[in-house]
Protein chains: 2
Amino acid sequence: MTGKREQNREQNRLALIEAVLDSVAEKGISETSVSEIIQRAGLSRGMIHLHFGGKDNLVQAAVQHSSEDYYGGLENLLQTAGDSGQERIEMIIRGDLSKEVLNRRSVSIWYAFRGEARNRAAVAEFSDTRDDRLRSMILHAFTSVVREDGCPDAAAVARDATHGTLALLEGMWTDYLLHPDRFDREEAMRIIFRFLAAMFPAHFSLAGAILPEEAEGAAARPL
Amino acid sequence: MTGKREQNREQNRLALIEAVLDSVAEKGISETSVSEIIQRAGLSRGMIHLHFGGKDNLVQAAVQHSSEDYYGGLENLLQTAGDSGQERIEMIIRGDLSKEVLNRRSVSIWYAFRGEARNRAAVAEFSDTRDDRLRSMILHAFTSVVREDGCPDAAAVARDATHGTLALLEGMWTDYLLHPDRFDREEAMRIIFRFLAAMFPAHFSLAGAILPEEAEGAAARPL
DNA sequence: TTGAAAAATGGACAATCGTCCATATTAATC
DNA sequence: GATTAATATGGACGATTGTCCATTTTTCAA
């Protein structure tokens, strides 16, 4: 069993990271000060220096944590999917637009960090690796889809399909960022599947764009 | 003729706004301080308070200026386009991905502001109106395209096409933000036109995705 | 129970933030 | 050219920023 020592240590580290993410989501990066962070975490001023060596390192850790959260959710979903490329792509899209992954908090955090990515090298790096991982997951799935079709320039088609799907998902996230209240997950999925069905009529149809459960009305105000 | 008084006044106002945009593009919002701004503008500290009443108002004016720049370029392009919906959409896409509109500076500025939009009410408002204007331009064009086809649920199709096109453009901008060096304008256009050709085969083809001139190699380092 | 090491506290500190104003400079009018 | 009002200057100001450390508290081992 891990001692109480290490247990508290890890608990406080996490409290600081969560405090940063909460603050970024609610107040934005520019208002996420050390005072704001330690107040939310309910800890003392010196803890940031003790555990992370400084505010910048803490923010970097928060970015990494957020990124791992995203992939944790996505890869968990992916394990429940089938082995075919089509099933995996459908699951990625469904997951990326699900309430667990795409919500007010995650969107606020993600775009806040990305807006500063250009200047914070560490943030940019994770922003990159996150996108690269998603890209390779989708590209891999499309490659296996295209292989079944046996068309000539298979690699190029898979690349275009990956690029288009990622761009559409990006666009939908932006949609959600700007209008979280009037965003329609079903509509977002329908449009992406229209694109897929047009490119691969043998594998995709609009029927894939139906969410298993949709009940977002009254209980949905996470922020 | 306008007096030298007003002429200088306007010139200094503009210098401050440009200084903000330059700083945001190069250093990010969090490092865009009053000291940074007045140093870039070559003016004295008090000018911000004199002309804008405070830093926040200046930043808001900069956002507005940037937004008007974007539409100025886009609407100029649109005047050279034909009257048909198809031509207007092609021109909007071409313009939105052109070097004059989509470049390192504009992308840095746009995403930096958007990352803070959630917290700055004034910024959010302009982010909204900018998107709304573009949306209505595209929707209008698609509506006239769909009308020619005479399909039953014309309004819904035009709405989906607009939504998809906007999402794709958004995604391409994000692509450029994350990888300005390896971004390929031709590829971006090709993917969007693949989407359009699939939805409206009678009006769009991949032939629309060819840029008039492409020479971006050595001379392209605007930032 | 005692000693030592790890963890946590909270205030001191210099640096920087944005605002504002007394002063100096400039341009337009008489 | 003198007067007046608009424009511009740059430093003072209090507030807040992030860092760091002397001190206290807690945990584990002897």
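Computed from a predicted structure; not experimentally measured. No hydrogens, no waters, no symmetry mates; every other heavy atom, side chains included, goes into these values. Letters A, B, ... are given to chains in the order of the sequence lines, protein chains preceding strands, and every chain is numbered from 1.
Along DNA chain D, the nucleotide nearest to A:Val34 and the one nearest to B:Met47 differ in position, and the one closer to the 5' end is contacted by B:Met47. With the nearest nucleotide of DNA chain D identified for both A:Ser35 and A:His49, A:Ser35 has the one nearer the 5' end. Each of B:Gly46 and B:Glu6 was assigned the nucleotide of DNA chain C with the nearest heavy atom; the assignment lying further toward the 5' end belongs to B:Gly46. Looking at which nucleotide of DNA chain C each of B:Asn8 and B:Ser33 is closest to, the 5′-most match is held by B:Ser33.
The backbone N or O of B:Gly171 lies less than 3.5 Å from no partner atom in the side chain of B:Tyr176, so there is not a single donor-acceptor pair. A donor-acceptor pair under 3.5 Å links the side-chain atoms of B:Thr143 to the main chain of B:Leu139, judged by distance alone.
Read 5' to 3', the first and last nucleotides of DNA chain D with an atom closer than 4.0 Å to a heavy atom of chain B are D:dA5 to D:dA12.
Set against C:dA8, C:dA6, C:dC20, the side chain of B:Arg45 has C:dC20 as its closest nucleotide.
Protein atom CD of A:Glu31 is 13 Å distant from nucleotide atom P of C:dG18, rounded to whole Å. Taking atom CD1 on B:Ile38 and atom C1' on C:dC20, their separation rounds to 15 Å, with Å as the unit. A straight line from CG of B:Leu43 to P of C:dT25 spans 17 Å, rounded to a whole angstrom. Distance A:Gln7 CD to C:dA7 P: 14 Å, rounded to the nearest Å.
Note on A:Asn12: a side-chain N or O is less than 4.0 Å away from OP1 or OP2 of C:dA8.
Of the charged side-chain nitrogens involved, at least one lies within less than 4.0 Å of a carboxylate oxygen, so that B:Asp175 and A:Arg135 count as a salt-bridged pair. The pair A:Arg105-A:Glu18 meets the salt-bridge criterion, with a side-chain N (NZ, NE, NH1 or NH2) lying under 4.0 Å from an Asp/Glu carboxylate O. A salt bridge is defined here as a Lys NZ or Arg NE, NH1 or NH2 lying under 4.0 Å from an Asp or Glu carboxylate O, and B:Arg182 with B:Glu187 fails to meet this definition. Under 4.0 Å is where a charged nitrogen must lie from a carboxylate oxygen, and between B:Arg13 and B:Glu10 at least one such pair does. Looking at B:Glu186 and B:Arg190, no side-chain N of the basic residue comes within less than 4.0 Å of a carboxylate O on the acidic one, giving no salt bridge.
Note that CD of B:Glu75 and OH of B:Tyr70 are 10.5 Å apart. Values are rounded to the nearest 0.5 Å.
Using a 4.5 Å heavy-atom threshold, the side chains of B:Leu78 and B:Ile92 count as touching.
Of the residues in residues 50-63 of chain B, B:Gly54, B:Lys55 come within less than 4.0 Å of DNA chain C through at least one heavy atom, sorted by number.
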